[in-house]
Amino acid sequence: MKSSNAVTALVDIFISPSKAFNGVKEAKGWSFVAFILLAGMLAASMLAFYNKADPQFLIDQQVAAASVDATIAEQKMIRQSMEQTLDMQVWFALFGGIIGLAVINALMAGYYLFVSKQDPEANYSYGAWYGFGVWTMMPMVISSLGILILVLTASNNQLSPTLFNYASINQLLIGLEVGHPFYSMLESLNIFSIWGIVLAAVGLKCWTNFNFNKALLFAALPSIAIYGIWTVIAII
């Protein structure tokens with residue numbers, strides 16, 4: 001079975017991802033619609049956060065995170081730098097986030113194209129795999145919706161940048177403090193990125209003749225490599 005159009009695919013990717021990937025495989029333009037939704041939700045969550053957050057509290061939080069081992073003079077320089085760019089932070093975050101998604105997906109599309117060569121029958125172009133990658137990122141729509149809800153229901157405007165990582169393994173399970181060697185790594189790893197890996201595995205199984213275990217291995221391999229290297233660096 002497959003999704004009949006882009007709108008149903010946007011629903012199916014969350015409740016029946018194989019139908020969405022089967023539909024996307026034969027469709028043109030659906031992935032553009034998905035990327036617009038993804039970028040739009042990201043932009044909405046960013047704008048909501050920076051519109052409500054108290055600027056001075058935000059700077060205090062950022063300085064504290066950036067100057068764990070800094071001297072008083074260095075902390076002062078960091079604060080001055082952040083104060084000077086405060087008005088531009090939202091635009092840096094907004095455009096940086098959207099461009100970052102596009103660039104990361106460009107790299108992942110090349111990776112998917114490479115691993116698909118393991119199946120001689122999977123003759124999809126780089127552009128097709130780029131669209132494939134967009135659909136694996138769709139859990140970020142739910143992530144952005146969660147940020148919007150947290151911002152809009154916050155009782156005050158003292159919002160921390162860590163709110164963006166509300167679903168991280170660190171915040172949900174571990175609780176490491178800023179400065180711990182594994183803090184940044186566990187803040188970046190979240191349930192939505194894990195969800196994306198599972199979606200990629202489902203999609204690879206739909207687009208190739210891989211069994212699910214092989215598809216899951218290929219889907220998880222980039223993250224395993226990144227977090228493996230990150231772990232070694234943190235230990236050292």
Side-chain angles (χ1 to χ4, degrees), residues 1-24 27 29-53 90 93-105 107-109 112 130-154 159-174 185-206 212 215-216 219-220 222-223 226-227:
M1 296 181 66
K2 62 181 181 179
S3 301
S4 58
N5 54 60
V7 175
T8 56
L10 289 173
V11 176
D12 287 337
I13 195 64
F14 298 112
I15 61 176
S16 183
S18 60
K19 289 175 63 177
F21 282 112
N22 286 333
V24 171
W30 291 14
S31 299
F32 180 75
V33 175
F35 187 81
I36 292 298
L37 175 62
L38 186 63
M41 288 299 296
L42 177 64
S45 64
M46 291 277 188
L47 290 172
F49 176 85
Y50 283 100
N51 184 59
K52 185 168 184 176
V90 60
L94 178 59
F95 292 109
I98 294 174
I99 293 172
L101 286 179
V103 171
I104 290 172
N105 196 44
L107 297 174
M108 290 304 299
Y112 293 133
Y130 191 94
F132 174 95
V134 170
W135 292 91
T136 69
M137 293 181 172
M138 291 308 288
M140 293 183 65
V141 171
I142 307 300
S143 175
S144 295
L145 179 61
I147 292 169
L148 272 173
I149 292 172
L150 289 173
V151 169
L152 296 176
T153 58
L159 304 178
S160 169
T162 59
L163 182 145
F164 287 107
N165 299 325
Y166 71 92
S168 71
I169 299 301
N170 185 52
Q171 293 192 35
L172 293 177
L173 300 174
I174 311 299
M185 183 180 72
L186 292 177
E187 278 289 295
S188 71
L189 182 61
N190 59 71
I191 59 175
F192 297 108
S193 59
I194 296 171
W195 187 356
I197 291 172
V198 175
L199 283 182
V202 172
L204 284 171
K205 186 176 184 299
C206 291
F212 185 75
L216 182 59
S223 294
I226 291 170
Y227 285 100

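Throughout, residue positions are numbered sequentially from 1 according to the sequence presented.
Contact of the Phe21 side chain with the Lys2 side chain is not registered, since no non-hydrogen atoms from C-beta on lie closer than 4.5 Å. In this structure, Tyr166 and Leu172 have side chains that are not in contact, with every pair of non-hydrogen atoms separated by 4.5 Å or more. The side-chain heavy atoms of Thr8 and Lys19, taken from C-beta on, include no pair separated by under 4.5 Å.
Side-chain atoms of Tyr112 do not come within 3.5 Å of backbone N or O of Leu204 as any donor-acceptor pair. Using a distance-only test at 3.5 Å, with no hydrogens or angles considered, a donor-acceptor pair links the side chain of Thr153 to the main chain of Ile149. The backbone N or O of Ser31 sits nowhere less than 3.5 Å from a side-chain atom of Tyr130 that would complete a donor-acceptor pair. A donor-acceptor pair under 3.5 Å links the side-chain atoms of Ser144 to the main chain of Met140, judged by distance alone. Checked by atom type and distance alone, the side chain of Ser168 pairs as donor or acceptor with a backbone atom of Gln171 at under 3.5 Å. In this structure a side-chain-to-backbone donor-acceptor pair under 3.5 Å is missing from Asn51 to Leu47. When atom types are taken as modelled, the side chain of Asn22 and the backbone of Met1 share a donor-acceptor pair closer than 3.5 angstrom. Counting only distance, with no hydrogens or angles, the side chain of Lys52 and the backbone of Leu159 share no donor-acceptor pair below 3.5 Å.
Other residues, nucleotides and ligands contribute only 12 or fewer heavy atoms inside 6.0 Å of the CZ atom of Phe32.
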* Test Thr162 against Asn165 for side-chain hydrogen bond (donor to acceptor under 3.5 Å, both in side chains), laying out the working first. => CA-CA 5 Å; Thr162 59; Asn165 299 325; over 6 Å; no

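Using cut-offs of 30° and 60° for the angle between ring planes, the Phe164 and Phe49 rings count as tilted.
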